[in-house]
Structure formats: structure tokens, C-alpha cells
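Take a look at the structure set out below.
None of these values were measured; they are calculated from a predicted model. As the structure lists them, so they are numbered: ligands from 1, and atoms in each ligand from 1.
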Amino acid sequence: MEDKWWKDSVVYQIYPQSFKDSNGDGVGDFKGIIEKIPYLSELGIDVIWLNPIFESPLVDNGYDISDYTSILPQYGSMDDFKDLLDVAHASGIRIILDLVVNHTSNLHEWFLESQKSKDNPYSDYYIWKDPKEDGSAPNNWGSTFGGPAWEYVESRKQYYLHCFAKEQPDLNWENPALRQEIYNMIESWFEIGIDGFRMDVISLISKRQDYPDAPDDLAYTKSYYVGASNGPRVHEFLHEMNEQVLSKYNVMTVGETPNTNSEQALLYTNPERNELDMVFHFDHMHLDYGKYGKFSDIRYKMSDLRQVLSEWQEKLAKGWNSLYWSNHDQPRAVTRFGDEGKYRLESAKMLGTLFHMMKGTPYIFQGEELGMKNVPFESIDSYQDIETKYFYEEMKNQGESEDYIKRAIYLKSRDNARTPMPWNNQIGSGFSTGKPWIDYSPDNKYINVQENLSDDNSVFYHYQNLIKIRKNYPIVVHGDYKLINKDDSNVYSYIRELNDEILYVICNFSGEKINFQLEENVNAEVADLLLSNYQDSPLLFSGKLELRPYEALIYYKK
Ligand code: NOJ
């Protein structure tokens, strides 16, 4: 049962603890989100994705769930959540939640029971293995947040697997009773009326049952990928979930799929296979990775970005793409892919243009529509994130200079995305009257909602226009994607085609003036300007342009 409404939707991601605090405790909440629904309606989005809102000891900011059926009190009550759902629905906005079922918190009742003995009803809900003869861990896998992926428990004299923190034990999807519990839980949320799920690290749920060692030369952290990503039964499990529960509701699903290439992604998203609607891949996120994974100061190359994104556009023609620059795990897009300095506004709009005109469902992470940049925290103590803290220590232990470490953290820490949403330039940024759970960005004084709304040329209004174009021109949703001018080293341009309509999208990724000339084999029709990020861009396009720094243009011809 579905009508694929998610194909012409734009999703807005809310990080609940940092969106809007209504009661002065320094943490965002449901009432705060309700207050801001009119703001989201003005932007024009269709769907809100909320990061986890469930009971949690917050070791990994809610990705360690201790009860899937109750709400974390700091966000409000179940009734407050239902109010939010009603208010959003009344404004034509749907809500999807975060489904975190690769692991739970170690304080989840299932785990508390499971760890007691080898023969209780929950003993096989998690992945337990005997030690090797010498007492060491079953294999050499390293976890995401540092150290081994196995933790020993005396009461069972066994190790349990945790791909993330040791407080996040992995669930055993081989166990049909566990799977049934999860499907029932999903169903109970659909009955409450939510409109879908983003599925956390869903490509990791099926583990190779031989639990092979990772090759020695693989980076220690995340070496569990060898036996945990896109494992032998992952498609079987998702198909089963689809059959038993997803297919019965008019909902959307987006799987977060680390370590998944476009061919594997097609297996998840091909509608004929009845698994998921779309996935988040990481190929464009990996373009600036270095020795410590994301914590590097390497700058991506536009030509690599273009190659990766085009590949996904082409390979997923039969499936569906999710289009994202940033989220709660990534730094701010304008710092990473644009220019956070002189051309912050132009490049933020250019990046929005590139993705919003592509085929797929665009995701806007809160604050991206304001052109927010990374956070210049003075002190390392301002960072709260478990991943940042681990890599800070790791880089220090490896002898990296303070300077390098600070730069890598400034460029890549997840906290860049997690500071409170700046609603205005007052004390508290219009976010809270209390002490915020994480420091404000000092940039809030000039990058905020109030300032964006009062300026016709703001990033906010550019995003609003991009969404309007998606709503008014079916070619944006349905047209075929074709990369053009493949060899241009500064300009990423592509066309969309639908019957006899054509849409040209031309984005200058450089801070220089560039002469652009459409390559010969592309039809140079006289096309009309739909949107640009400069006020006086040429109204007609017939193949030639002089582009200004970060200029982004959309032309349309019927
Ligand atoms: C991906 C989530 O987006 C991230 O925030 C979290 O730390 C891990 N999965 C573990 O759940």
C-alpha cells in the first residue's frame, strides 16, 4: 500500500535536542518543534525526520535506545508527541522517526536479561561468543568509537558484539523472536500515525556467521565491516520486514547504509524487490577521508564529487536516490563543499541548487537553509560528541600536532551540526532561556533565522524557491538525469529531460569567473532562467555563459 508520495517530497531533518527549547531546560523539545511548524511550512518542506526521540541514557545522543516504546522525557510526553504529529499533519507535513535496530542500549531490558545467563528468554537477543582459548576476543574487529568491538561479561563468561560504543550491543537478527519483536514495535508506531522511518545503519544487521578476522592492514576502527556490512541475510530480513509490516502502511523508508556501493543500493531500493524506498550512501562523504577516516584536512575534488554523484544518479535510475549534503553526523555543507568565507551565501545556494534539481528526494538538515557554517569552538572542552572525543585522544596518541587535531576537528566533528538552531541574534539565540546542552555557535549573531527571513536574497528564500520549482515542474521529479561537460574542471553541469522538456543546471564550484560553453552534442535550446543565486543573471541561455564565483543557474525549455 503506497502511492510513492515521497518521490515529490522534500525532507527536513530535525535534531530534536537542538531545534527549539520551550521550557528553558537547555534541550529542545516537542512543544518547541510545534511552535516552529509555521516556519517549516513557509520553507515549503513536506516531511520532518526526527532523530531518535526514545528513552535513552544518551551515551550516543539517543542512538542507544533503552525502550522503543517510550519517549525520552526531556522531549515531552507521548501526548506531546501526538500533539506534534497532529499539528504537523494539519499543516500537510508528515513525520518520520529514526529506527535504531542494529543495536540497543546496554540498559535495554532485553540486554539486562540477556547478559544474566545463557538460558533465559532473551539470551539469544544479542550476539554472544565464547572467548578464544587464550581468553581473548572472538576476532579482531574494532568498533566505530574506538577499541575492540567485543566486550567480556563475567556472568556469561562470553563476549558480546558492539559495532559502536560498548553501551550499544548489537542485536542478533538471526533470532526470529527478536525480529518479530521489532516488527511489532514498528507496527505500533505506524498505528500511532507516523509516516515512516529512517533506518539507522541498516546495512549492518546481518552478520557473516563465520565472524572472519579483518585483514591486518585495515584500519582498526570499523573493521567489523568485513563481516557485518551487506551481510548474507540483510535483504531477506528487509524483505520480511516489508512483507510483514511496511507494505501494510502508506509510509516511506530510508535506510542508512554505510559501506554500500550503488549496485548494492539497487538491491535495497529496486521497487520490485520490496525492501526499502531509498538509502543514504556515503560515497560523496568519503571524498575527503584520510588516515583517521573523516578526521582529516583533505579537501575533496569537484571532479570526484561529480563522478560519484553521477554514478548514483545513473545506477539508481530504477531505484531512488536520497540527496543530502549534511546531517547530524556530518559537518556543515558550506564549509566542506563550498566557501564558508567570502562566498558563503553564493556557495550555500549553489550547493542547494545542485542537489535539489537532481533526481531523488532532497534532505535539508536544520540550519542548512540558513547557510550555517562549521562552529569555531575555542576549546576542545566545548565538544560533546563521543566520536570527536575518541578521535581527539587517538590523534594525540599517534603524535599529531595540536594544530592538526584542532583543524581536523573543526572541519569534521559531528558537533558542527549539533549546536542549537539560531532563531535570532539575541542571548540564547531564540533557542532557549536556559543553559544549552551544547554551546551556541558564536556565528549565531550574524547567521540566524531572523536575519534570513528579513533578507529577500537569503539562503532561506533560495531554498524556498528550489522547493517551489520541484513542486511546479514535474521534470525535477521524473526527468532523466544526464551529465554534460564532463571534463570541465570548475563547473558541474547536468540536464534533466522529460519528453520534449529540458532543464539545464549549471553550477560553478570555483571562486573564479569561468567561461562556460555547452559541449557540442548537447542541444543548445534557448531556455528561460528559472532561478539563480545572483540577482542579475542572464534571463536566456543558448549555450554560452560567463559564470561568476559559485554562480548556479537553472534554465528550462519546453
Ligand atoms: C548512525 C547515526 O546516524 C549516528 O549518529 C550513530 O552514532 C550511529 N549510527 C550509531 O547508531
Side-chain angles (χ1 to χ4, degrees), residues 11 13-19 49-68 72 96-108 111 126-127 141-147 149 151 160-171 173 182 197-205 207 221-225 228-230 234 253-260 276 278-282 284-286 293-295 322 324-332 363 365-366 368 383-391 412-419 437-438:
V11 182
Q13 184 190 348
I14 289 184
Y15 198 61
Q17 49 270 63
S18 298
F19 193 62
W49 153 28
L50 291 176
N51 288 96
I53 56 166
F54 315 99
E55 192 71 71
S56 165
L58 300 177
V59 169
D60 184 19
N61 283 13
Y63 282 93
D64 46 324
I65 296 173
S66 52
D67 182 355
Y68 290 108
L72 187 65
I96 67 171
L97 297 183
D98 221 309
L99 185 76
V100 188
V101 289
N102 174 67
H103 46 267
T104 66
S105 158
N106 61 334
L107 299 186
H108 194 290
F111 189 75
Y126 295 84
I127 300 170
W141 294 359
S143 75
T144 304
F145 301 134
E151 183 75 8
Y160 69 85
L161 177 70
H162 59 90
C163 291
F164 295 85
K166 66 178 189 311
E167 295 86 353
Q168 294 167 294
D170 279 49
L171 286 163
W173 276 72
I182 290 175
F197 276 114
R198 174 265 189 189
M199 301 188 183
D200 191 61
V201 291
I202 204 70
S203 54
L204 304 184
I205 58 175
K207 274 73 175 177
T221 162
K222 295 192 188 174
S223 55
Y224 58 76
Y225 278 166
S229 69
N230 298 299
V234 66
T253 52
V254 49
E256 187 205 26
T257 52
N259 207 35
T260 294
L276 302 175
M278 58 189 124
V279 298
F280 289 123
H281 73 82
F282 286 76
H284 59 315
M285 296 288 126
H286 290 162
K294 67 157 66 146
F295 288 94
S322 338
Y324 76 99
W325 285 119
S326 52
N327 59 39
H328 63 292
D329 291 332
Q330 303 297 339
R332 291 290 176 180
Y363 289 74
F365 180 68
Q366 66 181 51
E368 179 186 323
Y383 292 93
Q384 307 284 332
D385 170 35
I386 181 172
E387 182 187 68
T388 308
K389 288 181 176 172
Y390 163 65
F391 276 97
K412 296 295 173 56
S413 169
R414 307 199 290 186
D415 282 341
N416 283 303
R418 298 178 177 188
T419 55
W437 72 273
I438 186 170

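- Asp415 and Gln384 form no side-chain donor-acceptor contact under 3.5 Å, judged by distance and modelled atom types alone.
- With sequence neighbours excluded, the residues that form a side chain to side chain donor-acceptor pair (under 3.5 Å) with Glu368 are Ser326, Tyr463.
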Enumerate the pairs of nitrogen or oxygen atoms, one from ligand 1 and one from the protein, separated by less than 3.5 angstrom; state names and distance to 0.1 Å.
{"residue": "ligand 1", "atom": "3 (O)", "partner": "Arg198", "partner atom": "NH2", "Å": "3.0"}
{"residue": "ligand 1", "atom": "3 (O)", "partner": "His328", "partner atom": "NE2", "Å": "2.7"}
{"residue": "ligand 1", "atom": "3 (O)", "partner": "Asp329", "partner atom": "OD2", "Å": "2.4"}
{"residue": "ligand 1", "atom": "5 (O)", "partner": "His328", "partner atom": "NE2", "Å": "3.2"}
{"residue": "ligand 1", "atom": "5 (O)", "partner": "Asp329", "partner atom": "OD1", "Å": "2.7"}
{"residue": "ligand 1", "atom": "5 (O)", "partner": "Asp329", "partner atom": "OD2", "Å": "3.4"}
{"residue": "ligand 1", "atom": "5 (O)", "partner": "Arg414", "partner atom": "NH1", "Å": "3.3"}
{"residue": "ligand 1", "atom": "7 (O)", "partner": "Asp60", "partner atom": "OD1", "Å": "3.3"}
{"residue": "ligand 1", "atom": "7 (O)", "partner": "Asp60", "partner atom": "OD2", "Å": "2.5"}
{"residue": "ligand 1", "atom": "7 (O)", "partner": "Arg414", "partner atom": "NH1", "Å": "3.0"}
{"residue": "ligand 1", "atom": "9 (N)", "partner": "Asp200", "partner atom": "OD1", "Å": "2.9"}
{"residue": "ligand 1", "atom": "9 (N)", "partner": "Asp200", "partner atom": "OD2", "Å": "3.3"}
{"residue": "ligand 1", "atom": "11 (O)", "partner": "His103", "partner atom": "NE2", "Å": "3.0"}
{"residue": "ligand 1", "atom": "11 (O)", "partner": "Asp200", "partner atom": "OD2", "Å": "2.7"}

Evaluate the criterion side chain to side chain donor-acceptor pair (under 3.5 Å) for residue pair Ser66 and Ser105; output intermediate values, then yes/no. CA-CA 5 Å; Ser66 52; Ser105 158; 5.0 Å; no

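- Taking the charged nitrogens against the carboxylate oxygens, Lys412 and Asp329 have no contact shorter than 4.0 Å, which rules out a salt bridge.
- Between Glu151 and Lys166, none of the side-chain N atoms (NZ, or NE/NH1/NH2) sits under 4.0 Å from a carboxylate O, so this pair counts as no salt bridge.
- Residues Phe197 and Ile96 form no side-chain contact, since every pair of their non-hydrogen atoms from C-beta on lies 4.5 Å or further apart.
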